[in-house]
Amino acid sequence: MDPEVARDRLLDAAEELFYARGIQTVGMDDIRAASGVSLKRLYRLFPAKEQLVEAYLERRDTIWRARLAEHVEQHDDPVRRILAVFDWLELWFAEPGFRGCAWINSYGELGAVSAAVTRQARHHKEAFRTYLEELVAAAGLPAELAGQLLLLAEGAMVTAGIFGRTDPAAHARTAAAALLGARGRN
């Protein structure tokens, strides 16, 4: 099996199992069985579980941010783009198997003991904040609004993950619209 194909299969299995069950409950043999990749090949590509976890979070970050941007960029109005973030969150929360934010979950499980997980969680959240900062700047709004929007989005993620509902995104969107309206831009 081609190393790239094996890597993709391992990451697909890791994504499915880590996200559904948590990182600590999934062993490397579970990854091997789900991927169809031999244990020898698995350890050649990922000598330690932490390396597999880090690669899973990196790949998920790239996909997550691309999906968000694709949805937001369907709108021309800069203010509407900000609100589209929350619309996309609602769509994400409604996906089958949604179990909250993978980075929040991973950090909650392993952040105290894994520098790699902490690094990935911080990178993802910083990239999300930067994206919000770019949207806020494009709308000509005060920079501090990005931090407020980040808190609304993150709170919606946690709440949706815990309660298994989509309405936290709509509540956060309403609060975001109020923030935008308070600045005379909604």
Side-chain angles (χ1 to χ4, degrees), residues 1-74 84-132 150 153-166 168-169:
M1 179 184 307
D2 176 83
E4 198 59 37
V5 170
R7 186 177 196 282
D8 286 343
R9 284 188 184 178
L10 290 166
L11 288 172
D12 289 344
E15 169 120 19
E16 180 181 330
L17 295 173
F18 290 157
Y19 186 70
R21 294 178 16 200
I23 295 167
Q24 294 183 72
T25 65
V26 175
M28 293 297 259
D29 197 53
D30 295 321
I31 301 292
R32 181 210 50 80
S35 68
V37 174
S38 72
L39 207 52
K40 183 178 180 179
R41 172 69 59 96
L42 188 163
Y43 280 111
R44 191 175 315 131
L45 291 168
F46 299 102
K49 183 177 177 182
E50 186 174 54
Q51 292 172 327
L52 179 60
V53 170
E54 188 169 16
Y56 144 69
L57 290 171
E58 283 176 0
R59 184 173 85 157
R60 188 171 177 102
D61 171 68
T62 300
I63 294 167
W64 189 92
R65 290 191 294 123
R67 288 180 58 212
L68 171 62
E70 180 181 355
H71 180 82
V72 168
E73 290 168 13
Q74 293 175 25
V85 168
F86 298 94
D87 297 337
W88 182 80
L89 290 176
E90 189 168 12
L91 294 171
W92 176 43
F93 298 167
E95 290 178 0
F98 175 77
R99 211 178 75 69
C101 172
W103 299 272
I104 293 170
N105 295 349
S106 298
Y107 184 80
E109 268 193 89
L110 297 170
V113 296
S114 171
V117 166
T118 297
R119 184 174 51 254
Q120 287 302 314
R122 287 181 180 160
H123 168 77
H124 174 73
K125 297 306 179 182
E126 287 170 3
F128 184 40
R129 175 191 286 274
T130 298
Y131 183 66
L132 292 171
L150 179 70
E154 295 295 333
M157 288 178 211
V158 171
T159 306
I162 291 171
F163 290 103
R165 299 178 6 200
T166 62

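Because only heavy atoms are used, hydrogens play no part in the values below, and waters and symmetry mates are left out as well, while side chains stay in.
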Can you confirm whether more than 12 heavy atoms, excluding those of E16, are under 6.0 Å from its CD atom?
no
Quick one, S114 and V53 - any side-chain contact, counting heavy atoms below 4.5 Å?
no
Determine yes or no for a side-chain-to-main-chain donor-acceptor pair under 3.5 angstrom, with R59 supplying the side chain and L11 the backbone.
yes
Between atom CZ of R67 and atom CD1 of I63, what is the distance when rounded to the nearest 0.5 Å?
9.0 Å
Identify the two heavy atoms, one from L45 and one from P3, that lie closest to each other, and give their separation to 0.1 Å.
CD1-O, 4.0 Å
Do Y107 and H124 make a side-chain contact, defined as non-hydrogen atoms from C-beta onward lying under 4.5 Å apart?
no
When rounded to the nearest 0.5 angstrom, what is the spacing between CD in E54 and CD in Q120?
4.5 Å
Please check if the side chain of K125 supplies one atom and the backbone of L150 the other of a donor-acceptor pair under 3.5 Å.
no
Where do R60 and A102 come nearest, in terms of heavy atoms and distance?
NE-CB, 3.3 Å
Does D2 come within less than 4.0 Å of R9, counting only side-chain N to carboxylate O?
no
So CH2 of W103 and NE2 of H123: to nearest 0.5 Å the spacing works out to 9.5 Å
Over 60° means perpendicular and under 30° means parallel, so classify the ring planes of F93 and F98, tilted if in between.
tilted
Any chance you could measure D30, atom CG, to F18, atom CZ, to the nearest 0.5 Å?
9.0 Å
Between Q24 (side chain) and E109 (backbone), is there a donor-acceptor pair under 3.5 Å?
yes
Quick one: does L110's side chain get under 4.5 Å of E50's, heavy atoms only?
no
Using atom types as modelled and distance alone, determine if a side-chain donor or acceptor of Y19 lies under 3.5 Å from a backbone N or O of G100.
yes
Nearest atoms (heavy-atom pairs only) where M157 meets C101
SD-CB, 4.0 Å
Counting N and O atoms only, with roles assigned by atom type, does the side chain of S35 sit under 3.5 Å from a partner on the main chain of R32, one being a donor and the other an acceptor?
yes
Rounded to the nearest 0.5 Å, what separation is found between the CD atom of E154 and the OG1 atom of T159?
11.0 Å
Which pair of non-hydrogen atoms, one from L17 and one from A34, has the smallest distance, and what is that distance?
CD1-CB, 3.8 Å
Hey, could you give me the CD1/CZ distance between I104 and R99, rounded to the nearest 0.5 Å?
11.5 Å
Could you go through E95 and L91, starting from their C-alpha distance and side-chain angles, then the distance that decides it, and tell me whether this counts as side-chain contact (heavy atoms from CB on, under 4.5 Å)?
CA-CA 7 Å; E95 290 178 0; L91 294 171; 5.9 Å; no
For the residue pair W92 and L89, establish whether any side-chain heavy-atom pair is separated by less than 4.5 Å.
yes
Looking only at non-hydrogen atoms, find the nearest pair between T25 and R21 and report the distance.
OG1-O, 2.8 Å
Side chains of F128 and L68, heavy atoms from C-beta outward: is any pair under 4.5 Å?
yes
Please check if the number of heavy atoms outside E70 that lie under 6.0 Å from its CD is greater than 12.
no
Which pair of heavy atoms, one from A13 and one from I31, lies closest together, and at what distance?
CB-O, 3.9 Å
